[in-house]
Amino acid sequence: MPQVGVGVSVMTLTNNGKSTKSSMPVQKAAPEFGDERASKTAHIDKTRSAGNTYEFPEGCGTSGEALADWFVQRFEDYSLEQQRAGKRKPSLLTAVGVACVITPDEEAVAQWDASLREKFMRDAHEVYEMWFGAPLDAWAIHVDEGAMEERGLTRDDELGDEGLHGHGAGRKPDKLPPDELLVEGFGEEGAAKFKENYLKRNKNDGCLYRTGTVLNGGNLKLLHNIFPIEMAKRGWREPVDENDLEATGWSVKPHLSWGEKKEIEEKTGEVFKEPAQSANKYARTQRWQRKQQETAAKNAADEKRNAADAERNADMRRVISENAAWNEEEARALDRRAEELEREARDARVEISHEHQRLYARRREADRIRARAEVALHGYEPPAGVTLVPPSAMPPELRALWRLTDGDEGDDAARDLPDDLLSEDGEPDLDAANERVVDLADEFARSRGCPWSYVDRYGVWLVTPPLEFVREHPGYEGVESLDELGEGDLEAMAEWYWDEASLRIADAQLLGLDPTVAHPGIDERERAVEAARADVERRDRVVSEREAAFERLEAKRRSVVDVLDAEIGARRAEAARLDAEADEKTRWLEGAVEHVKEADAYVAQAREDAEATRRAAEADAERTRAEARAEREEALRGLTDRAEGRIAGFLGRVVGDVSFIAYRTLSVMVEMGVGGERFASAARVCMDVINAMSEDAIGRPFSQTRAGRVQERVARSFARAFARDAGRDAAVREVDDAPQAGRSRNDGPGL
C-alpha cells in the first residue's frame with residue numbers, strides 16, 4: 001500500500017511587525033496565501049494561480065491584505081470591549097490568529113486525479129479543524145506552487161504541473177481539547193498528563209486571544225499524532241475489500257521525530273525537511289537528492305551496458321574460439337577493461353562524494369573565517385542580559401535530562417530517566433524528555449528572575465531583554481521598567497532579543513571563543529599599542545631630560561664633595577689630636593677617681609674609728625661618773641680637786657685622740673693628693689671640732705663648776721661637735737657626689 005507523507009506546520013500570527021521562528025506578522029503571512037501570492041518560493045508559477053480556491057471572510061474577497069486587515073480589526077474590537085469592561089488593554093504582542101500549511105508529497109499528488117486531490121484537502125481541512133477546536137476563518141488551496149516539472153512528475157492530462165497544498169488561518173480558542181481526542185493522540189496516561197499541564201498553564205479558558213506562546217510542544221505533538229489516525233478514519237488506508245468505496249488505497253505516514261528522520265536518512269539516503277527550513281532550501285536539498293539518484297541511475301545503466309557488452313563478447317568468443325585464440329585474449333582484455341571502468345566509476349562516485357564533503361567543509365571554513373574576521377576587526381561584547389548557566393550549576397533534575405537531550409551522553413544518561421519518560425519498550429521518549437527539559441529550564445529561569453531560557457549543548461541561556469531593546473518596538477517607547485510589561489510581553493521580548501543575541505554568540509563560538517567574556521578588536525588593540533608606544537616615547541624623553549639634569553647636578557655636587565673631603569681631612573686630623581688629648585685626660589681622671597675612692601674609703605674608716613672612740617669615751621665617762629659618785633660618797637671634802645684633775649686628764653686624752661684623728665685624716669689626704677676646696681673643708685671641720693671641745697670643756701674654770709655638771713657639759717660638747725661634724729660631712733658628700741660641678745678641668749697633673 002503506498003504511503004503519502006504530509007507536512008503540517010503551524011505558526012502564530014501577530015500584529016507587531018516582528019518575525020520569529022514560531023511567529024509571523026499577519027500583514028506578511030496573509031498576502032502570501034491570498035491572491036497577491038507574495039511568496040519568495042522559487043517554484044511558484046503565477047500563470048496557474050487562476051486554479052487556486054479561496055474561502056475568505058465576507059468582504060475580503062480573495063485579497064490577503066484585506067484578510068490581514070480583517071484579523072487586525074477583530075482584535076481591535078476585542079481590545080475595545082476589554083477596555084469598556086474596565087479590564088486591561090491587551091498587549092501588542094497578543095496573537096491575533098494561527099496560520100497553518102498542509103502539504104502532501106508531490107510524488108503522491110502526481111498520481112492523484114482531481115477528485116482524490118479534492119478529497120485529501122477536504123479531509124485534511126476537517127482533521128485540522130478538529131484539532132484546532134473551532135472553524136477556520138480563512139482557507140485557501142494553491143495549485144500554482146511546486147516542482148512537478150523539475151522532478152519529472154508532469155501529467156499528460158489537464159492537471160499538468162499543478163501542485164497541491166492548503167493554507168488556513170483562524171483564531172484558536174484557548175480551551176482544553178476533548179478527552180477522546182487526547183486519548184487518541186497520547187493514550188490514557190499521556191492524556192491525563194496533558195490535562196494536568198494545561199490546567200497549570202492556562203487560566204483564560206475559551207478566549208480567542210492570549211499573550212505569549214499559543215502553540216506549545218504538547219499541542220503540536222497532539223496534532224501530529226492524531227493526523228494519520230483521523231485521516232485513516234476518512235479512507236486514507238488500504239481497502240478491506242473491493243466494495244470498500246471509502247478507502248483510497250493510500251495511507252498517511254505517521255509523524256516522525258527529527259531523530260527518527262536522521263536515522264532513516266543514514267539508512268536509505270532519503271532527505272527530510274529540517275525544522276524551520278525554508279521552502280527554497282528544501283527545494284535545493286531535493287534537487288541535490290534527485291541529482292544523486294540520477295547519477296546512481298546513470299551508473300546502473302553503464303553497468304548494464306557493460307554487462308551486455310561482456311555477454312556479446314562472450315558469444316563472439318564462443319563462435320571463433322577454434323580459429324581465433326587471440327580473440328580470447330582480447331575478450332579477457334575487454335573484461336579487464338570493463339572491470340577497470342567499473343572500478344573507475346566507483347572511484348569517481350566516491351571522489352564526487354568526497355568532493356561534496358570537501359566543498360561543505362570549505363564552506364564552513366569560509367563562514368568561520370568570515371566570523372573570525374568580523375570579531376577580529378570589531379571585537380566581541382557579550383550580549384547584555386544573557387547569562388550562560390553551565391551544566392554544573394543546573395538543578396539536579398534538569399542536569400540529568402540535559403545529559404540525554406543535549407549532553408550527548410546516550411545510554412549513560414538514559415539509565416537515570418524517570419519511568420514516565422520511557423516508552424513501553426523501555427526506550428527513552430525523546431520528545432517527552434525535550435518537553436520536560438524546556439519546562440524545567442523555564443522554571444529555573446523564573447527562579448532566577450529571567451523571563452525566557454534556551455537550552456543547548458553548552459548549558460542553559462537565561463535571557464532578560466534590555467530596556468533599550470524593548471523601547472525600540474512601537475508602542476513601548478515610554479516603558480520605564482521591565483516590571484511594566486506583562487508576562488507574555490516580557491517572554492516575547494526576551495525571545496526576540498535572543499534571536500539577535502544568539503547570532504553574535506554563534507560567531508564567537510565558531511571562533512572557539514568564550515561567548516561570556518569580551519574580546520577586543522584589531523582597531524582597539526592597535527590604538528592601545530599606539531598609546532603604549534607614545535607613552536614609551538614620552539617616558540624616554542623624560543628620562544633623557546632627567547639624565548642630563550642629573551649629570552649637571554652630579555658635577556656640581558662632585559665639586560662640593562671635593563671641598564668637603566678636604567675639610568673632613570683637616571677635621572679628622574684635629575679630631576685625632578683631640579682624641580689623643582682626651583685619652584690622656586681620661587687616663588689621668590681615671591687615676592684621680594681611683595685616688596678619690598681610696599680617700600673616701602679612708603674617710604669612712606676614720607669616721608668609723610671616731611664613732612668607736614666616741615662610744616669608748618662615753619663608756620669611760622660613764623665609768624668615771626660612777627667612780628666619782630662612789631668617791632664623793634666616801635669623802636665629801638677634798639675630792640673635788642682630785643675629780644677635776646681626772647676630768648682634765650680625761651678631756652686631755654679625748655682632745656688628744658680627736659686631734660690625732662684629724663691629723664691622720666689630713667695627712668692621708670695630702671698623701672693621696674686631695675687638695676683644693678675638699679682639703680680646706682676637711683681641715684676646717686677638724687679644727688672646729690677641736691676648738692669647740694677645748695672651749696666647751698677646758699676654757700671654763702673647773703672651780704666654778706660641780707664635778708657632775710662638768711661631765712654633763714663635756715658630753716654635750718662632744719655631742720654638738722659630732723653633730724656639726726656630721727652636717728659638714730653631708731654637705732661635703734653632696735659636693736663630692738655631684739658630677740664635678742664647678743671643678744676646673746686643669747686641676748690635674750699640673751697642680
Side-chain angles (χ1 to χ4, degrees), residues 12-28 72 75 79 88-96 210-214 276 370-371 373-390 441-456 458-511 513-525 527-528:
T12 303
L13 298 178
T14 62
N15 186 32
N16 50 34
K18 193 77 172 181
S19 297
T20 67
K21 293 184 291 186
S22 60
S23 65
M24 179 184 293
V26 66
Q27 294 84 355
K28 182 179 179 181
V72 173
F75 173 73
S79 177
R88 184 178 179 181
K89 179 182 178 181
S91 168
L92 292 177
L93 302 179
T94 302
V96 299
R210 60 174 290 195
T211 303
T213 305
V214 178
R370 190 180 300 109
E374 183 70 17
V375 172
L377 289 174
H378 305 293
Y380 170 79
E381 287 292 335
V386 178
T387 303
L388 174 63
V389 178
D442 290 341
E443 182 179 352
F444 177 65
R446 286 191 294 271
S447 68
R448 292 290 188 91
C450 298
W452 200 76
S453 64
Y454 181 79
V455 182
D456 62 8
Y458 299 100
V460 178
W461 298 88
L462 305 181
V463 184
T464 300
L467 189 58
E468 294 76 9
F469 177 80
V470 175
R471 291 174 177 171
E472 294 175 358
H473 296 80
Y476 292 86
E477 296 85 353
V479 174
E480 297 294 336
S481 172
L482 296 180
D483 297 335
E484 299 179 15
L485 301 179
E487 181 180 353
D489 293 357
L490 194 57
E491 289 181 2
M493 287 290 183
E495 184 177 1
W496 294 346
Y497 180 66
W498 171 253
D499 290 339
E500 296 182 4
S502 60
L503 297 177
R504 299 199 300 272
I505 293 174
D507 291 340
Q509 290 172 341
L510 281 175
L511 291 171
L513 302 177
D514 185 355
T516 61
V517 298
H519 302 277
I522 290 178
D523 295 339
E524 183 177 351
R525 291 197 294 269
R527 286 194 296 270

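Counting from 1, the numbers follow the sequence of the chain as shown. Worth saying up front: this structure is predicted, and the values here are computed from it rather than measured.
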Legend entry - Intermediate values then yes/no, side chain to side chain contact (heavy atoms under 4.5 Å, CB included), E472 and E477: CA-CA 6 Å; E472 294 175 358; E477 296 85 353; over 6 Å; no
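- Residues W452 and E495 form a side-chain contact, since some pair of their non-hydrogen atoms from C-beta on lies under 4.5 Å apart.
- The neighbour count for E443 CD, taken as heavy atoms of other residues, nucleotides or ligands under 6.0 Å away, does not exceed 12.
- No donor-acceptor pair under 3.5 Å is formed between the side chain of R448 and the backbone N or O of L462.
- Residues passing the salt bridge (Lys or Arg N to Asp or Glu O under 4.0 Å) test with E468: none are found, sequence neighbours excluded.
- Put simply, OG1 on T516 and OH on Y458 are 12.0 Å apart, with the number rounded to the nearest 0.5 Å.
- Looking only at side-chain heavy atoms (C-beta outward), S453 and V463 stay at 4.5 Å or farther from each other.
- Rounded to the nearest 0.5 angstrom, L13 CG and Q27 CD are separated by 9.5 Å.
- S79 meets the side-chain hydrogen bond (donor to acceptor under 3.5 Å, both in side chains) test with Q83; sequence neighbours excluded.
- Taking every heavy atom of both residues into account, L503 and D499 meet most closely at CG-O, 3.5 Å.
- A donor-acceptor contact shorter than 3.5 Å is absent between the side chain of E484 and the backbone of L482.
- Here the side chains of F469 and P383 are not in contact, with every heavy-atom distance at 4.5 Å or above.
- Put simply, CG on D442 and SG on C450 are 11.5 Å apart, with the number rounded to the nearest 0.5 Å.
- When side chains are defined from C-beta on, I505 counts as touching W461, because their heavy atoms get closer than 4.5 Å.
- Looking only at side-chain heavy atoms (C-beta outward), N15 and P25 stay at 4.5 Å or farther from each other.
- A distance of 12.5 Å separates CG in L388 from OH in Y454, rounded to the nearest 0.5 Å.
- Residues V460 and A441 share a closest heavy-atom pair of CG1-CB, 4.4 Å.
- You'll find the side chain of E381 stays beyond 4.5 Å of the side chain of R504, heavy atoms only.
- Separating the CZ atom in R446 from the CD atom in E487 is a distance of 7.0 Å, to the nearest 0.5 Å.
- A heavy-atom distance below 4.5 Å is found between the side chains of P466 and Y497.
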